[in-house]
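Numbers here simply count residues along the sequence, with the first being 1. Start at 1 and go down the list; that is how both ligands and their atoms are numbered.
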Amino acid sequence: MPRIYLSPPHMGPDERALLLEAFDSNWVAPLGPHVDAFEREFAEYTQVPNACALSSGTAALHLALLMLGVGRGDTVLTSTLTFAATANAITYVGATPTFIDSERESWNMDPDLLAQEIEDCAKRNALPKAVVVVDLYGQCADYDRILSACARYDIPVIEDAAEALGATYKGKSAGAFGKMAAFSFNGNKIITTGGGGMLVAHDGHFTKQARFLATQARDPAPHYEHSHIGHNYRLSNLLAAVGRGQLRVLEERVTQRRANNAFYREALADIAGLTFHPEASWGRSTMWLTVIQIDPSVVGRSREDIRLALAAKEIEARPVWKPMHLQPVFSQRRSVGGSVSAELFDRGLCLPSGSALSPSERDEVVAIVRS
Ligand SMILES: Cc1ncc(COP(=O)(O)O)c(C=O)c1O
């Protein structure tokens, strides 16, 4: 049996045609017509008016923090339940992350804990310089409550929407809620360019500045003139061509991932002690990954037992992100709460969720989980 992957790339004829067109045009550079068009089309999709294509989602987070002036000695509050890239970017600028636990409705940052931590920081006269909120597994955080907690002290929010392209919150697209938002086109995401990212912002000043910083901060001059430290973070025109093709089928990909989720929910509904990542009332999740929770005291098996049973049949499943406050590299950092995300990690398993997953592959996954 061929291996079933967690979330493999899903390419179509448009992506191939656009890539070949880019190749034949000889715009084989980190700039070109496909980069410009990808930015325009992405901005149109998300309805956030400015977009800057970058080499990764991590690069987008890094530049967003730099542009907000976050640096050495600053604190940044962020979600503990995330991939390391979120917290790593905070450390790149010399700042210190404080980790906020998840709520149970969406597993995203708990707005009450965030508000409480901001008040505590205010009392200590040590307000955070920024808050980085993660939209986990294709679902937006509760932005009304998060933004109101931050607005009280005028703390800027960066949205880490790397996993949430296509999601909505109260009718608006993921990426619309912070001063800036970062998306990822890493190989496992709902659409991919192999590797890549996008920074979006309501204020075009940020994307203009991001373009400057992402091209080694080259000042306008015929020679190479530099008055700032820059980075090499732009997206290749070849990859932008692939991204344009992927963007055309994004809504289909959301439908396919949601169909996987609906299938798993129905097929596993009767198993006591097995529950699913909830879809919160405030919006549409893309169900980028379908995630189950296993209560070992009821099921009699742990999520690791199930993961290993799937692995033995060449099926890739992954534990939920290990929270940042439990990572050795961040063990000295402050954490606000932490028991909810720790439990989600202990019990959580991401099932194969690719948009090209076939009915027989889904049946196989379900059969093994049930057994
Ligand atoms: C929540 C989150 N943030 C940031 C990233 C980083 O994106 P990239 O891999 O494009 O650098 C990822 C995924 O890779 C992610 O899942």
Give the intermediate values and the outcome of ring-ring contact (aromatic ring centres under 6.0 Å, His included) for residues F42 and F185.
-> CA-CA 12 Å; F42 198 89; F185 311 122; 5.7 Å; yes

Do we see a donor-acceptor contact under 3.5 Å between the side chains of Q293 and H277?
->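 There is no such pair (donor and acceptor under 3.5 Å, judged by atom type) between the side chains of Q293 and H277.
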
Going by distance alone, is a donor N or O of one side chain under 3.5 Å from an acceptor N or O of the other, for H226 and R218?
->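 Note: H226 and R218 side chains miss the donor-acceptor criterion.
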
Are the side chain of E15 and the backbone of V242 linked by a donor-acceptor contact shorter than 3.5 Å?
->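 Not at all, since once roles are kept as given, no pair shorter than 3.5 Å links the two residues.
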
With A280, which residues qualify under side chain to side chain contact (heavy atoms under 4.5 Å, CB included), at least two apart?
->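 So A280 forms a side chain to side chain contact (heavy atoms under 4.5 Å, CB included) with E105, S106, Q139, W282.
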
Could you give the N/O to N/O pairs under 3.5 Å linking ligand 1 and the protein, each with its distance?
residue: ligand 1; atom: 3 (N); partner: D160; partner atom: OD1; Å: 3.2
residue: ligand 1; atom: 3 (N); partner: D160; partner atom: OD2; Å: 2.7
residue: ligand 1; atom: 7 (O); partner: S184; partner atom: OG; Å: 3.4
residue: ligand 1; atom: 10 (O); partner: G57; partner atom: N; Å: 2.8
residue: ligand 1; atom: 10 (O); partner: S184; partner atom: OG; Å: 2.7
residue: ligand 1; atom: 11 (O); partner: G57; partner atom: N; Å: 3.3
residue: ligand 1; atom: 11 (O); partner: T58; partner atom: N; Å: 2.9
residue: ligand 1; atom: 11 (O); partner: T58; partner atom: OG1; Å: 2.4
residue: ligand 1; atom: 14 (O); partner: K189; partner atom: NZ; Å: 2.9
residue: ligand 1; atom: 16 (O); partner: E163; partner atom: OE2; Å: 2.6

Mind checking whether W321 and Y137 have parallel, tilted or perpendicular rings, split at 30° and 60°?
->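 Rings of W321 and Y137: parallel, under 30°.
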
